[in-house]
Amino acid sequence: MQIVTFGTLAARNVIRDVGRVMDLSYATCDKVAKMIPKELDITIDKALTMNPELKNIYETYPEITRLIDMAKRLEGLPRHTSIHAAGVVISQKSVDEYVPLARGADGAVTTQFTMTTLEELGLLKMDFLGLRTLTVIQDAVKNVKMSQGIDIDIDNIDYDDKEVLGSLCTGRNDGVFQLESAGMKSFMKDLKPQSLEDLIAGISLYRPGPMDFIPAYIKGKNHPETITYDCPQLEPILAPTYGCIVYQEQVMQIVRDLAGYTLGRSDLVRRAMSKKKADVMARERQNFVYGNPGEGVKGCIANGISEETANKIYDEMTDFAKYAFNKSHAAAYAVVSYQTAFLKYYYPVEFMAALMTSVIDKSAKVSEYIQVCRQMGIKVLPPSINESLGSFSVSGGAIRYGLNAIKSVGRPLIEALVAEREAHGKYRSLEDFIERNTSKDANRRAVENFIKAGAFDGLGGNRRQFIIIYEPIMDNVAHRRKNSIEGQMSLFDLVSDEERDRFAIKLPPVPEYDKEELLAMEKEVLGIYISGHPLEEYEERWRKNITNTSADFIRDEETGEVIARDGAEATIGGLIAAKTIKYTKNNKVMAFLTIEDLVGSVEVIVFPNDYQRYSPLMEEDAKVFVKGRVSLEEEKNGKLICERMISFDQVPREVWVRFADHAAFDAGSAALDEIIRSSDGRDFVVIYLEKEKQMRRLGPSRTVNADDILIARLGEVFCEENIKLTEKALKI
């Protein structure tokens with residue numbers, strides 16, 4: 001089903017699109033687009049009246065006038081077609097007898113009409129929402145059965161478990177359905193859910209519109225004595241939600257109990273509100289306040305409620321209902337949220353294995369969840385040809401990497417080699433593996449990728465040795481198989497398995513690749529680093545100096561949301577994994593960078609002025625922090641527009657030197673001064689006097705280079721336990 005979008009993003013995108021056609025710079029188009037206010041159903045004409053700055057540049061610069069005039073002509077037309085994530089059209093006869101059809105990008109049959117047009121034609125549109133999380137729950141339950149022999153009846157768990165509910169208040173909700181965004185984590189800390197009912201309300205409230213009620217809801221929950229109601233009839237309806245309108249069902253009950261609506265008519269009001277039908281809502285206001293005897297509506301005034309109070313209640317219902325959930329929807333989501341939280345709390349290894357399996361083809365998400373596992377104290381083991389399954393699995397209290405995550409290795413081959421291993425035992429060597437699996441599509445590319453991923457590391461050799469010998473082994477095996485087919489016998493047909501091993505190709509006496517090469521191989525075939533990361537030794541510095549990770553720029557495949565907010569200021573850090581140079585129409589140089597951090601990657605746009613300023617820092621594999629503005633486009637991942645860049649080396653650290661007391665410092669100050677004078681750098685020295693509980697940071701004229709030599713020298717003079725190197729947060 002085709003979707004046409006309107007509103008802030010649509011208006012901004014049409015300006016950007018027209019600007020590209022007009023060959024205007026991205027910076028100019030983006031600046032104009034960002035002047036469109038964030039408002040429901042905003043149009044460019046409305047934006048011109050709301051934003052004086054936008055109107056000023058429209059009237060002042062002919063180029064901008066032409067840009068906006070052209071964008072206004074195109075506004076409201078389909079920018080592109082996309083498929084409703086869950087929409088299915090049902091008709092009495094073949095659908096093509098009612099509407100024109102088309103093929104979607106993935107080959108699915110879609111209508112060429114929008115969802116509103118389909119409904120106006122009288123066709124039935126149903127949303128069948130498939131959640132990846134349901135598979136995660138199912139797989140986690142299977143993992144628990146396999147690893148611990150426990151059968152979990154997930155539909156009959158204790159939904160009032162205080163330990164599980166308490167875990168949601170910690171903010172460590174990665175992987176918990178609906179509750180893992182940064183905003184939701186913060187909200188759960190404030191909400192402190194104590195029941196499933198609180199979760200249902202929380203999921204309903206954390207949306208544009210109802211979100212305005214969050215402070216009042218939390219205040220009412222914590223201080224019931226502060227709750228007030230506009231009229232007595234509201235109390236039984238809103239008491240369960242601490243005086244706030246939270247659910248569409250409450251709107252239905254309000255119009256029934258206060259204005260005498262029937263059940264059927266109250267549902268029409270709910271529907272009009274949820275579909276944002278302003279004309280219907282305006283008509284219903286009259287009915288709600290004053291009644292309509294001809295249609296059997298009594299009205300609030302006839303029920304003893306003043307006109308002012310009735311209009312106030314109706315305004316609140318209208319504001320709330322713009323994005324409201326119905327409670328049945330929120331309750332279903334809350335149950336799934338609680339089930340994932342339950343599994344994560346009591347069976348964390350099994351749950352995280354299932355969670356990573358669900359995103360096994362998305363290396364950025366896998367990398368993000370590996371970081372979560374490390375924070376939880378769960379080891380993630382590299383893939384193993386003798387231990388791994390196709391999916392992520394549980395192995396001795398740790399998670400074993402799934403073989404299906406290895407690139408260019410088909411799943412049928414994975415299934416075949418696992419079945420072979422289970423039927424005839426573990427693989428004894430690389431040659432044994434090739435001998436047993438080359439007939440199952442284990443081609444040279446697949447074997448090489450297994451080696452690079454580290455899947456053969458447990459077979460008694462290193463990756464460099466395996467890379468050298470795997471092709472000769474495959475040639476030998478192919479030759480023997482050919483002779484066997486032709487009926488020829490070889491020496492190997494006459495000897496036992498033990499004697500055959502003596503004739504096997506021997507591993508050459510060569511050392512393993514260095515760490516950087518091993519990590520590069522893993523990145524190539526897994527999409528992530530598994531045995532380490534080039535940023536590992538800088539992790540503390542990285543975390544202290546960023547506001548967002550690359551994961552915050554990824555659009556969620558289920559909700560379509562991005563954690564990073566459009567236009568917001570953000571600071572990221574990582575390696576420059578790729579750099580593409582572009583030239584503007586004025587022949588100025590700009591760059592598109594891919595910045596890779598510990599969880600994934602994000603695109604950074606560097607415009608000409610900033611490129612000129614920071615070009616010395618923009619070398620591939622360089623480690624940099626970038627501060628800028630978030631840029632979002634509809635259905636795409638977010639980008640960062642660079643405003644400032646510094647290298648990791650420009651971030652100072654602090655060397656703490658501890659002394660027992662002031663007297664000890666006086667005795668050692670001469671030796672300390674000598675060491676400081678012999679070292680020149682950006683890092684600060686901090687003196688800490690333990691007895692007095694005092695600290696003093698030495699000034700910029702006494703900074704040092706806190707390398708291993710300096711730390712070792714300080715340790716020799718003042719004892720290692722009195723020396724500590726810490727990362728310092730820097731406002732970029």
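Predicted, not measured: the structure shown is a model, and the values here were computed from it. Counting from 1, the numbers follow the sequence of the chain as shown.
- Using modelled atom types, no side-chain atom of Thr117 and backbone atom of Phe113 make a donor-acceptor pair closer than 3.5 Å.
- Taking both residues in full, the closest heavy atoms of Met356 and Tyr369 are given as CG-CB, 3.7 Å, listed atom of the first, atom of the second, then distance.
- Aromatic ring orientation, Phe187 versus Tyr206: parallel (interplanar angle below 30°, classes split at 30° and 60°).
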* To do: Go through the steps to decide whether Cys231 and Ile313 satisfy the test side chain to side chain contact (heavy atoms under 4.5 Å, CB included), and finish with yes or no.
  => CA-CA 9 Å; Cys231 64; Ile313 293 170; 4.0 Å; yes

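- When all heavy atoms of Gln233 and Asn303 are compared, the pair lying nearest together is NE2-O, 3.4 Å.
- The residues Asp315 and Arg285 are annotated as salt-bridged, a charged nitrogen and a carboxylate oxygen being separated by less than 4.0 angstrom.
- Here the side chain of Asn56 pairs no donor or acceptor atom with the backbone of Pro52 at under 3.5 angstrom.
- Under the 3.5 Å distance criterion, with hydrogens and angles disregarded, a donor-acceptor pair is assigned to the side chains of Tyr159 and Gln339.
- Asp174 contributes atom CG, which lies 9.0 Å from atom CG of Leu355 (distance to the nearest 0.5 angstrom).
- Summarising the geometry of Met126 relative to Ile90, their closest heavy-atom pair is CG-CD1, 3.8 Å, with the distance given to 0.1 Å.
- When each of Thr110, Leu121, Val89 is tested with Val99 by the rule side-chain contact (heavy atoms from CB on, under 4.5 Å), just one qualifies, namely Leu121.
- Shortest non-hydrogen contact noted between Ser91 and Ser94 is OG-C, 4.0 Å.
- Electrostatic pairing of Lys185 and Glu180 does not count as a salt bridge here, judged by no charged N lying under 4.0 Å from a carboxylate O.
- Although no hydrogens or angles enter the test, the distance criterion places no donor-acceptor pair under 3.5 Å between the side chain of Arg16 and the main chain of Cys29.
- No side-chain donor-acceptor contact under 3.5 Å links Glu53 and Tyr58.
- In this structure, the side chains of Met115 and Glu119 stay at 4.5 Å or more apart for every pair of heavy atoms.
- For Arg270 and Asp267, the salt-bridge test passes: some basic side-chain N is under 4.0 Å from an acidic carboxylate O.
- How far CD1 of Ile44 is from CE of Met70: 12.0 Å, rounded to the nearest 0.5 Å.
- A donor-acceptor pair is defined here as one N or O able to donate and one able to accept, closer than 3.5 Å; no such pair exists between the side chain of Gln250 and the backbone of Ile245.
- Electrostatic pairing of Asp30 and Lys34 counts as a salt bridge here, judged by a charged N lying under 4.0 Å from a carboxylate O.
- Glu75 and Thr43 share no donor-acceptor pair across their side chains, judged by distance under 3.5 Å alone.
- Of the possible donor and acceptor atoms, one in the side chain of Glu249 sits under 3.5 Å from a partner among the backbone N and O of Lys327.
- Judged by distance alone, the side chain of Thr340 and the main-chain N or O of Phe177 form a donor-acceptor pair under 3.5 Å.
- In this structure, Leu168 and Ala341 approach most closely via the heavy-atom pair CD2-CB, 3.7 Å.
- Listed here is the closest heavy atom pair of Ala310 and Ile305: N-CG2, 4.0 Å.
- Between the side chains of Asp161 and Tyr346, at least one donor-acceptor pair of N or O atoms lies under 3.5 Å.
- Counted by atom type alone, Ser306 and Thr309 present one or more donor-acceptor pairs between their side chains at under 3.5 Å.
- In this structure a side-chain-to-backbone donor-acceptor pair under 3.5 Å is missing from Ser631 to Lys639.
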